[in-house]
Amino acid sequence: MSRFILSCTTCATRAIDGDETAACFRYAPRAGFRAWGIASVAQRALGEARWLDAGKLRGAALAVGLRRCTEVYAPAFPADSEAAAAAAAEQMASVFALAVGLQSPLVVMTGGMSAAQAAAIRDGLASAPRRGRIRSVGLAAPIAGIKRLLPLVEHLPVRLALEPHHGSNFSVRADFDRIFSEIDHPKVGITIDTGHFHRSEVDWRSFIRAYGDKIWNLHVKDHRGPVSVPLGSGEVDLRGYLEELHAIDYDGPLALELEVEDPENLPRYVCDAHAYLSRLVREVTGNDPG
């Protein structure tokens, strides 16, 4: 039977003030969330996770009623060469150590992009997947990094859930097809991101049906075109996502992310999102979320 866990990532509180984690601890419990995910600045550069004190973070979360950490974000592997990505594996392993300290079951990582890819997107040559064939040549580097990382972390009680980002190396179905054709490992799965799938025009229903056993996490966003908007006010079929996941007995987080253009309203949007998702879960499953 499916079970949905409502989680508020620090992405949802990033623009409230200068400390997205402190803002998450302030506003997520008030909204009703009892789970959270960390995506602080330390996860945006290789090696910086080792400077975070997992014990203090977990204690602070528990003190405000956030009982579990559902995910820890990791920076992307260097995408310019296989050698650079493989060499980064030991630094990437520090994110897994942080996840262990936070008792999080997942590390979430996206594909990043090479300098050539970034330049192509900047110049308007690869802004959409169907014009973005330059992306596929960049998959060799993150694949090499993941292969080097796995022996370093396979003894840990943490799994890696690869997340699509529009325009990055992990964007569309073909990217994941290639990754899983080369990496068949029980510790490597998928974080679906509803906003990035919307921007990349992914057939998410067929994706869920094809990769159901590897989908361990869902980043919940709503969008109008490329713009992030409060849940329920955009074009993303969030009910449809929950129905598809319920059909495959999904057992995992619905992790809130908000990247709206009016961040002064984020405290209200976080509260509204909890109510909105709780209602959807009850309507789709007949049960309250976890």
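Just so it is clear, the values below take in all heavy atoms, side chains as well, and ignore hydrogens, waters and symmetry mates. Computed from a predicted model, the values in this text were never measured in an experiment.
The aromatic rings of F207 and F197 stand perpendicular to each other, their planes meeting at an angle above 60°, with 30° marking the opposite boundary.
Side-chain N or O atoms of H219 include none that pairs as donor or acceptor with a backbone N or O of A255 at under 3.5 Å. Although no hydrogens or angles enter the test, the distance criterion places a donor-acceptor pair under 3.5 Å between the side chain of K187 and the main chain of V158. Of the possible polar contacts, one joining the S181 side chain to the R178 backbone as a donor-acceptor pair under 3.5 Å is found. A donor-acceptor pair under 3.5 Å is formed between the side chain of N169 and the backbone N or O of G111. Checking side-chain atoms of S171 against main-chain N and O of H165 turns up a donor-acceptor pair under 3.5 Å. Proximity of a side-chain donor or acceptor of D53 to a complementary backbone N or O of G55 within less than 3.5 Å is detected.
Ionic pairing of D288 and R279 is not present here: no N-O contact between side-chain nitrogen and carboxylate oxygen is shorter than 4.0 angstrom. A salt bridge between R205 and E244 is present, with a side-chain N of the basic residue lying under 4.0 Å from a carboxylate O of the acidic one. In this structure, R224 does not pair ionically with E235, as no charged nitrogen and carboxylate oxygen lie closer than 4.0 Å.
Atoms CD1 and CD1, on I143 and I183 in that order, are 5.5 Å from each other to the nearest 0.5 Å. Separating the OG1 atom in T70 from the CH2 atom in W36 is a distance of 9.0 Å, to the nearest 0.5 Å. Rounded to the nearest 0.5 angstrom, R14 CZ and T21 OG1 are separated by 9.0 Å. The OH atom of Y27 lies 6.0 Å from the CZ atom of R30; values are rounded to the nearest 0.5 Å. Between the CG atom of L245 and the CD1 atom of I192 there is a distance of 6.0 Å, given to the nearest 0.5 Å. With rounding to the nearest 0.5 angstrom, the OH atom of Y269 is 9.0 Å from the CG atom of L258.
Of all the heavy atoms in G232 and L238, the pair that sits closest is N-CD1, 4.4 Å. Minimum heavy-atom separation, A89 to G145: CB-O, 4.2 Å.
Between H196 and H166, the distance from one ring center to the other does not fall under 6.0 angstrom.
A donor-acceptor contact closer than 3.5 angstrom is absent between the side chains of R68 and Q103.
Contacts of R26 classified as salt bridge (Lys or Arg N to Asp or Glu O under 4.0 Å), with partners at least two apart in sequence or in another chain: D17.
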Exercise for review: Could you walk me through whether R173 and D203 pass the salt bridge (Lys or Arg N to Asp or Glu O under 4.0 Å) test, one step at a time?
Suggested key: CA-CA 8 Å; R173 168 75 179 271; D203 180 354; over 6 Å; no
Practice item. List the steps, then state whether side-chain hydrogen bond (donor to acceptor under 3.5 Å, both in side chains) holds for T10 with E20. Key: CA-CA 5 Å; T10 63; E20 66 187 64; 2.7 Å; yes
Check your understanding: Going through the distances and angles, do Y276 and D222 end up as a side-chain hydrogen bond (donor to acceptor under 3.5 Å, both in side chains)?
Key -> CA-CA 12 Å; Y276 177 82; D222 206 348; 5.4 Å; no
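In the displayed structure, E182 atom CD is contacted under 6.0 Å by more than 12 heavy atoms of other residues, nucleotides or ligands. Applying the 6.0 Å contact sphere to CD of E261 captures no more than 12 heavy atoms from other residues, nucleotides or ligands.
Its side chain within the 4.5 Å cluster rule, V227 clusters with V229 among the Ile, Leu, Val, Met, Phe, Trp and Tyr residues.
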